[in-house]
Amino acid sequence: MTIKVLALCGSTRRDSLNRKLLEVAARGALDEDGEVTFISLADYQLPFYDGDFEQEYGVPEQVRELQGLLAECNALLIASPEYNGGYTALLKNAIDWISRPRKGGEPGVLLFAEKAAAVVSASPGPMGGIRSMLGMRSVLEKLGAMVIPQGFSLGAAHRAFAEDGNLVDGKAGTEVRSVGASLIRVARQLSRQ
Ligand code: FNR
């Protein structure tokens, strides 16, 4: 069975370091014969979640699309940038919307339940986005995702990438790829159960 991975970055910045890191991790998933779909939240202009908005207008069509994408995948790979010691509002807002009921009324949170997930993070700072990564892991765990123990927080990320998109530090590159590879292996085990 081919494991389908949804790869999502919490930054829509053109030169996002997290997006670059996501791509390195995704190569590890491809090494394990996973299938990776990248999405950019720039393509889903979501309003900030508001209960009154939802009651009045319903769940936006873009959220329905994201829910559909999540339903089709076996694993979730997230690059979570760090803003002021936490994950980005953009990423959390998308997750909050996705967790709302689906068209048939099924809770959106079930889209995360027992799904393999991995988180990486990059920042120009010395610790990378460690706080964001840990915070995002905790959100995903709350939603019932099986967050794999492997993750990677890339410090000094503005100096870390070579022209070809690989990490200059080969050892770090191998570790980041192994996050994607482990994600596939765990998702494969889960899909057998
Ligand atoms: C940051 N940045 C940052 N970095 C960090 O390591 N810890 C932090 O707490 C913060 N806080 C923070 C707040 C705000 C409002 C901004 C705009 C930035 C730096 C941030 O990690 C850096 O800009 C990354 O490059 C953002 O990720 P992308 O867009 O490169 O993926």
Side-chain angles (χ1 to χ4, degrees), residues 5-30 34 36-50 62-63 65-66 69-70 73 75-98 112 116-143 145 147-183:
V5 179
L6 189 65
L8 177 62
C9 177
S11 166
T12 51
R13 207 168 63 81
R14 216 173 306 122
D15 292 323
S16 168
L17 299 167
N18 284 276
R19 166 74 195 209
K20 290 180 188 171
L21 188 63
L22 186 67
E23 282 169 18
V24 176
R27 280 176 212 149
L30 296 174
V36 182
T37 303
F38 287 94
I39 59 165
S40 167
L41 290 174
D43 296 332
Y44 303 84
Q45 296 289 328
L46 309 181
F48 262 106
Y49 179 78
D50 174 74
Q62 298 95 314
V63 175
E65 280 178 41
L66 289 170
L69 285 167
L70 204 56
C73 77
L76 191 55
L77 179 59
I78 292 184
S80 182
E82 182 164 306
Y83 284 179
N84 297 314
Y87 38 72
T88 59
L90 178 82
L91 182 54
K92 183 60 162 49
N93 188 49
I95 290 174
D96 290 343
W97 269 119
I98 292 169
F112 297 89
V119 186
V120 294
S121 185
S123 153
M127 294 197 300
I130 185 85
R131 286 166 293 208
S132 171
M133 186 176 85
L134 297 176
M136 186 43 56
R137 288 178 62 90
S138 152
V139 169
L140 293 169
E141 281 164 5
K142 157 69 177 71
L143 294 170
V147 187
I148 66 167
Q150 295 86 349
F152 198 91
S153 173
L154 180 69
H158 56 309
R159 293 195 297 262
F161 294 94
E163 287 274 307
D164 62 1
N166 285 312
L167 287 172
V168 176
D169 178 346
K171 198 162 158 249
T174 303
E175 221 174 300
V176 176
R177 278 172 98 115
S178 80
V179 174
S182 299
L183 179 66

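Every number for a ligand or one of its atoms is a count from 1 in the order of the listing.
Between Tyr49 and Val63, every side-chain heavy-atom pair lies at or beyond the 4.5 Å cut-off. Looking only at side-chain heavy atoms (C-beta outward), Thr12 and Leu90 come within less than 4.5 Å of each other.
For atom 31 (O) of ligand 1, the closest non-hydrogen atom of the protein is Ser16 OG, 2.6 Å. For atom 15 (C) of ligand 1, the closest non-hydrogen atom of the protein is Asn84 ND2, 4.0 Å.
Counting atoms of ligand 1 from 1 in the listed order, those under 4.0 Å from a heavy atom of Pro124 are 21 (O), 22 (C), 24 (C), 25 (O). Listed by number with element, the atoms of ligand 1 under 4.0 Å from a non-hydrogen atom of Gly128 are 6 (O). Within the listing of ligand 1, atoms 8 (C), 9 (O) sit less than 4.0 angstrom from a heavy atom of Gly85. Close approach of ligand 1 to Arg13 (heavy-atom distance below 4.0 Å) involves ligand atoms 25 (O), 28 (P), 29 (O), 30 (O). Annotation for ligand 1: atoms under 4.0 Å from non-hydrogen atoms of Asn18 are 27 (O), 28 (P), 31 (O). Taking every heavy atom of Pro81 and a limit of under 4.0 angstrom, the matching atoms of ligand 1 come to 27 (O).
Residue Leu70 comes nearest to Leu76 through the heavy atom pair CD1-CD1, 3.8 Å, listed as atom of the first residue, atom of the second, then distance. Closest heavy-atom contact between Leu46 and Ala94: CD1-CA, 3.8 Å. Taking all atoms of both residues into account, the shortest heavy-atom contact from Ile148 to Ser182 is CD1-CB, 3.8 Å. Here the closest non-hydrogen pair linking Gly128 and Glu82 is O-OE1, 4.1 Å.
Considering backbone and side-chain N/O atoms, Arg19 never comes within less than 3.5 Å of an N/O atom of ligand 1. At a 3.5 angstrom cut-off on N or O pairs, Leu17 counts as close to ligand 1. The shortest N/O to N/O separation between Tyr83 and ligand 1 does not fall below 3.5 Å.
Paired with Asn166 under the rule side-chain hydrogen bond (donor to acceptor under 3.5 Å, both in side chains), one option of Arg27, Glu23, Lys20 passes, and it is Arg27.
In the candidate list Met127, Glu82, His158, Glu82 is nearest to atom 19 (C) of ligand 1, counting heavy atoms. With atom 6 (O) of ligand 1 as the reference point, the heavy atom nearest to it among Gly125, Ser123, Ser153 is part of Ser123.
Protein non-hydrogen atoms do reach within 4.0 Å of atom 29 (O) of ligand 1.
Only the side chain of Ser11 comes within 4.0 Å of ligand 1, counting heavy atoms alone; its backbone N, CA, C and O stay farther away.
No donor-acceptor pair under 3.5 Å is formed between the side chain of Ser121 and the backbone N or O of Met133.
In this structure, the side chain to side chain contact (heavy atoms under 4.5 Å, CB included) partners of Asp169, at least two apart in sequence or on a different chain, are Lys171, Ala172. Remark: Ser123 engages no residue in a side chain to side chain contact (heavy atoms under 4.5 Å, CB included) (not counting sequence neighbours).
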